[in-house]
Each structure stands twice: as structure tokens, then as C-alpha cells.
Amino acid sequence: MVPESQPTVARQAAEAVFARTHPGYGDTAVIDELRRTDFARLDAGGHVYLDYTGAGLYADAQLAEHLDLLQQSVFGNPHSLNPTSAAMTALVERARDAVLEFFRASPDEYVAIFTPNATGALRLVGEAYPFRPGDRFLLTFDNHNSVNGIREFARARGAETTYVPSEASDLRVDETLLPRYLTEVGGEHHNLFAYPAQSNFSGVQHPLAWIEYAHAHGWDVLLDAAAYVPTNRLDLSRAHPDFVVLSFYKMFGWPTGVGCLIARRDALAKLERPWFSGGTIVAAFVQRDWHQSAPGHANFEDGTVNFLSLPAVEIGLRLLDRLGVETIHARVQALGSRLLETLTSLRHRDGSPGATIYGPRDFDRRGATIAFNFLHPDGSVVDERYVDRVASCHKISLRTGCFCNPGAGEVAFTISRETLVGGEFGDGMTLDDYVDAIGLPSGGAVRASLGLASNLADVERFGAFALEFVDLAGVPNDLPPRIGC
Ligand SMILES: Cc1ncc(COP(=O)(O)O)c(C=O)c1O
């Protein structure tokens with residue numbers, strides 16, 4: 001381990017060794033420089049940030065450029081025609097163009113619609129997808145709850161929801177099974193298939209090749225790219241999902257409150273909006289029950305978009321372009337494989353494993369989001385609430401629980417349908433009460449995820465923290481306090 005306090009020479013030597021053993025890492029030194037110049041607050045505060053799948057972090061320069069723009073300008077609501085409004089409209093449209101360009105999406109094929117977050121984009125699709133009785137909504141077990149929730153729109157309109165299971169061994173979908181689900185459609189129906197390009201639970205990357213296979217069998221495809229795009233190139237000139245959803249704060253930390261639905265023009269034309277609002281129409285009357293929808297993206301942007309934040313989207317995308325998504329990708333792959341090795345090699349004195357990984361145990365077709373639990377020497381799981389407290393003492397920010405992805409959790413913890421339906425989620429119960437009631441040992445896993453500003457020292461400090469769980473026979477009754485330990 002190379003503690004933070006050790007001299008720079010030792011750290012540089014450790015980094016040189018790491019770069020030799022992890023080809024490609026040495027080419028990412030530009031990020032070490034950025035960490036020094038733009039993320040100094042992490043080291044100044046002693047933080048190890050390992051929750052990039054929860055939220056990305058912003059570089060200081062992003063804030064400075066955004067603030068400078070706001071301080072130098074006068075911006076009005078972009079729905080007007082006056083000079084301050086026109087100036088804002090120009091920047092909103094520039095941000096929109098920058099999004100399409102970043103994802104290499106042809107403006108002839110795709111439209112970028114700004115939303116409050118990825119969830120807002122999913123809701124737009126779910127509430128307007130023309131589900132009818134006989135139609136199908138197909139989705140993987142491995143999905144965020146904001147995708148799972150679309151089943152309620154499907155149900156309300158009489159469409160059938162089907163889940164494709166993940167395999168317990170590595171939380172991937174059985175590739176021989178998927179075609180059976182995708183070929184089970186007949187007649188003239190609207191059928192929607194939704195899956196994440198990268199799991200926010202296990203880091204599994206589900207194949208983008210599914211998109212064309214699904215298209216060939218008459219499905220529209222909704223690709224949840226929220227956990228994928230912060231560290232992977234999504235090239236919409238090569239893959240052509242009908243709907244792509246994402247949140248920008250996950251990509252580059254700032255701004256929060258802005259996401260996007262990138263939709264194919266022909267798929268967008270199928271959507272039936274359940275209402276109209278300010279911003280989405282050309283005209284409406286009160287004395288005549290009629291309104292004319294606005295064309296393209298405007299029909300889907302309800303009310304006033306988060307206009308002052310939108311220039312920060314262009315700034316953030318420019319940062320990713322400058323570093324290169326491929327560089328960030330290579331960086332987190334190398335650091336992620338080290339973190340994974342730390343966990344898979346963790347052993348108690350009697351040789352028993354110190355941790356269990358949920359998902360792939362190597363770095364094949366996965367991202368740097370790693371779900372695990374520490375294990376006691378008797379093989380039982382260390383309560384993740386205790387792990388969270390110990391992590392806080394190390395100033396390590398991890399995520400614990402099931403990460404809004406219950407399907408992946410159910411498979412990871414081998415929770416059967418019978419177990420779930422056997423327990424009543426009574427009024428006033430918390431999730432912890434329910435977990436106890438159905439006889440599960442703990443409420444979830446621990447997740448470490450890497451991103452834009454991660455460095456080797458973060459992973460080394462995680463390694464030192466992991467050693468705290470070696471030979472831990474039981475969890476103390478008194479949890480350490482979160483602050484001041
Ligand atoms: C894969 C995935 N999809 C969707 C979401 C929802 O994103 P948001 O909360 O920004 O709407 C998340 C958030 O963690 C995610 O990881």
C-alpha cells in the first residue's frame with residue numbers, strides 16, 4: 001500500500017510499477033494532472049470517492065467557465081424573442097448540438113430532448129409509448145427502478161410485461177435465452193425492449209448488438225445508458241437504439257438537474273403524449289378543445305428547461321472530449337481490475353475468502369462498478385451497514401444497499417419469487433423490517449465505482465480499508481459513528 005502521506009517519489013514509483021503491469025494506464029497520465037489541478041479538493045479533504053455510479057465529480061475549470069459565462073451575460077427565458085432570450089436560446093441549441101455531436105448521432109436520425117434527469121427521460125418514453133392490449137414490454141431483471149417503473153404504464157394500457165432473468169454466476173443474461181424472448185412477437189404490435197448498456201449494480205455491460213437483433217424482430221429498443229456513458233464511448237452512428245436515456249451529472253458532475261432523451265426521429269413520432277403544457281405546443285385554445293403540438297424536441301420539453309445549466313453541459317462534454325472517453329475508459333479499466341483483484345485476493349488467516357463479488361470476477365465486458373460484500377471467516381456476510389460506517393471512518397464514499405436495482409439484487413442474493421411473495425410488506429414497515437421478516441441476513445451489497453478523477457491512491461486506500469475486515473468474527477454491537485471516528 002502507498003499511503004497518502006508517503007513522499008511523491010514513492011508514489012510515482014508505485015504508479016510506474018502499476019503502469020507497467022497494466023498496459024494503457026501510463027497513457028492516462030493527463031488525468032493525474034487534472035486530479036492535481038481540478039480535483040485538489042478530494043485530497044485536501046482526505047476523501048476517497050468511490051461512488052461515481054451514484055454521481056460523477058466536476059472539475060474546478062467546469063465551474064469557473066460556467067460561472068464566468070453567467071457573470072458576463074444577461075440571460076432571459078428562452079421561450080421569448082427578446083435579446084436576452086435569444087442569447088439564451090442560442091446557447092440551449094448549442095448544448096443540444098453538442099450532445100448529438102458527442103454521441104455521434106446524426107441530426108437527421110436523432111433528436112436530443114433535455115429532461116431533469118435519466119428518470120425524466122424514461123418517464124417521457126413510458127407515459128407516451130403507445131402500449132395497447134397484446135403489446136409487450138420486455139426488460140432485463142438487471143434494470144434501474146426508473147426503468148422497472150415503466151411496467152406500470154404498460155399495465156395501465158393492457159400490455160404485458162416480461163422479465164429476462166440474469167444468471168446467478170455472473171449476473172449476465174444467458175445469450176441463448178434472449179432470442180427466445182425477442183422472437184416471441186407476432187402481428188402488428190408495439191413492443192418495447194429495455195435494458196442498461198451497463199448495470200448500475202454489477203458493472204456488467206450488456207451487448208449493444210442486442211439492439212439490431214431486437215429491431216430485426218420488430219422491437220423498439222430503450223437503452224439506459226446512464227451508468228455506461230461516463231466511462232464508455234456510445235457511438236450512435238454504429239448502434240441505433242430508438243431511445244437513449246442519461247443524466248449529465250453522472251458523466252461530469254455538473255450540472256445536476258439535467259438529463260437527456262436522445263430519440264430516433266421515427267421512434268419519437270410513434271409516441272403519444274398524454275398531455276400538453278407550456279413549451280410543447282404551437283397553439284392551444286380555451287374555448288375550443290384543440291391544440292397543435294410543437295414539432296421535434298419541443299413537443300417533449302415540458303415548461304421551461306433548466307436553461308442556465310445547459311451551457312454547463314457543453315462545457316462538460318468538451319472536458320470529456322479533451323481527455324478522451326477512451327482515455328477515461330482505459331483508466332478505470334486498469335484501476336477497476338486492481339480493485340477487483342484486491343477483493344478477490346482478500347483472505348482470512350484460515351484461507352477462507354474475505355469478500356464475495358456479485359457479477360463478473362474479471363474485467364471482461366464489464367465497467368468499473370463493483371458490487372460485493374465482505375465475508376466473516378465463517379462465510380457469513382458482514383452487514384453492509386457496518387461496512388458503510390467503517391468506510392466513513394476512512395473517509396471513503398461507497399454506496400450500500402441494492403442501488404435501486406432490485407432485480408440484480410434478487411439474483412445476486414438468490415432471493416426467490418416465493419420468498420418475496422411469502423412476506424407481507426406491512427404498513428409502516430421499513431425495508432430493513434421487511435428484510436428481517438423474510439429471513440434475509442442483510443439489506444444489500446456494497447458498491448465501489450470508479451470514474452473520471454479516480455487514481456491509484458484511491459484504490460490503494462480502498463485496499464487498506466478492506467484489510468479491516470480480515471479475521472472479523474462478528475460485527476460489534478455499537479456501530480462506529482459516521483463522523484469523528
Ligand atoms: C443505470 C441507471 N439508470 C437510471 C438511473 C436514474 O438516474 P437519475 O436518478 O439521474 O434519474 C440511474 C441512477 O443511478 C442509473 O444508474
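Given the structure is predicted, the values throughout are model-derived calculations rather than measurements. Just so you know, ligand 1 is whichever comes first in the structure, and atom 1 is the first atom listed for that ligand. When a residue number appears, it is its place in the shown sequence, counting from 1.
- Among the candidates N143, N148, T140, L138, the single residue satisfying the side chain to side chain contact (heavy atoms under 4.5 Å, CB included) test with Y163 is N148.
- Counting protein heavy atoms only, atom 12 (C) of ligand 1 is closest to H144 CD2, 3.2 Å.
- Those atoms of ligand 1 with a heavy atom of A118 less than 4.0 angstrom away are 7 (O), 10 (O), 11 (O).
- The protein non-hydrogen atom at the shortest distance from atom 16 (O) of ligand 1 is N200 CB, 3.2 Å.
- Remark: R233 qualifies as a cation-pi partner of F102 under the 6.0 Å distance and 45° angle criteria applied to the six-membered ring.
- Ionic pairing of D458 and R35 is present here: one or more N-O contacts between side-chain nitrogen and carboxylate oxygen are shorter than 4.0 angstrom.
- For atom 14 (O) of ligand 1, the nearest protein heavy atom (residue, atom name, distance) is K250 NZ, 2.7 Å.
- In this structure, F465 and H394 have perpendicular ring planes: the angle between them is above 60°, well past the 30° mark.
- Qualifying side chain to side chain donor-acceptor pair (under 3.5 Å) partners for R132, counting only residues two or more places apart in sequence or in other chains: E272.
- At a heavy-atom cutoff of 4.0 Å, ligand 1 is contacted by the side chain of Y249 but not by its backbone.
- Ring orientation note: the planes of H240 and Y110 are close to parallel, at an angle under 30° on the 30°/60° scale.
- In this structure, the ring-ring contact (aromatic ring centres under 6.0 Å, His included) partners of Y358, at least two apart in sequence or on a different chain, are F413.
- Annotation: atom 3 (N) of ligand 1 to nearest protein heavy atom, D224 OD2, 2.6 Å.
- Of all the atoms in ligand 1, the ones that sit under 4.0 Å from a non-hydrogen atom of A226 are 2 (C), 3 (N), 4 (C), 15 (C).
- Looking only at heavy atoms of the protein, atom 11 (O) of ligand 1 is closest to T119 OG1, 2.5 Å.
- At a heavy-atom cutoff of 4.0 Å, ligand 1 is contacted by no atom of P196, backbone or side chain.
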